[in-house]
Amino acid sequence: MTDEVNPNPNQATTQEAQLAAENMASGVEPKPTVDFDADYAAAQEFSVSDVDRTDEGAAVAEAATAPQFELSQPEETKIVAEPTGDPSDYMEMAKDVGSQTEAGTGNVSDDLIKQALDMGKPGSSE
């Protein structure tokens, strides 16, 4: 796929580029052509060296990319949260949260927490 370059003199960044674009537009100089397929094929040839095409190149590449330190395998940890329906478990957690004396915590009492827990029980229609 060969394309012809059509330079625009108004987009030239230097005076020399503007002059060259004007000459190409008027036909004084030939417009350059670009063959994208040929350029791509040439780039593919340059992307792999002759050494990489041999077994020796593969060995060198493997040695260069081999880890220098032994890596341990990560251990999988399985955490199972046991379901609980005991409100006293939540009361203990609420007391821990409610005992913080930082600014902005609000007025949360044990009675308010108990009322919230009672209202949140499944099956209650309050």
Side-chain angles (χ1 to χ4, degrees):
M1 174 178 176
T2 303
D3 287 339
E4 188 176 80
V5 177
N6 293 316
N8 184 350
N10 296 329
Q11 293 180 343
T13 56
T14 63
Q15 185 177 9
E16 293 163 342
Q18 184 178 7
L19 179 62
E22 288 172 354
N23 287 340
M24 286 179 214
S26 65
V28 174
E29 292 182 24
K31 294 180 182 177
T33 57
V34 179
D35 188 353
F36 293 106
D37 294 331
D39 287 349
Y40 181 77
Q44 295 304 310
E45 288 295 318
F46 287 122
S47 69
V48 179
S49 69
D50 293 334
V51 173
D52 290 336
R53 293 185 180 102
T54 64
D55 292 336
E56 178 186 351
V60 169
E62 186 176 332
T65 59
Q68 296 178 0
F69 303 103
E70 184 177 327
L71 301 175
S72 61
Q73 293 296 324
E75 295 178 13
E76 291 189 27
T77 305
K78 187 172 184 179
I79 299 174
V80 178
E82 297 295 328
T84 178
D86 187 9
S88 63
D89 292 341
Y90 299 106
M91 292 294 286
E92 290 298 321
M93 286 191 298
K95 286 180 185 176
D96 291 342
V97 172
S99 66
Q100 296 177 354
T101 57
E102 295 179 14
T105 56
N107 296 331
V108 179
S109 65
D110 290 340
D111 293 332
L112 185 60
I113 293 171
K114 184 172 181 347
Q115 183 182 3
L117 287 172
D118 290 340
M119 290 178 70
K121 288 183 182 175
S124 64
S125 59
E126 295 183 66

Does Asn8, at its CG atom, have more than 12 non-hydrogen atoms belonging to other residues, nucleotides or ligands within less than 6.0 Å? yes
What I want to find out is whether Asp118 reaches Lys114 closely enough, with some N-O distance under 4.0 Å, to be called a salt bridge. yes
Just verifying a value: how many Å separate Asp39 CG and Gln44 CD, rounded to the nearest 0.5 Å? 11.5 Å
In Å and rounded to the nearest 0.5 Å, what is the CG to CD distance from Asn10 to Glu22? 8.5 Å
Would you mind reporting whether Pro9 and Met24 have side-chain heavy atoms less than 4.5 Å apart? no
Quick one: list whatever passes side chain to side chain contact (heavy atoms under 4.5 Å, CB included) with Ala25, sequence neighbours left out. none
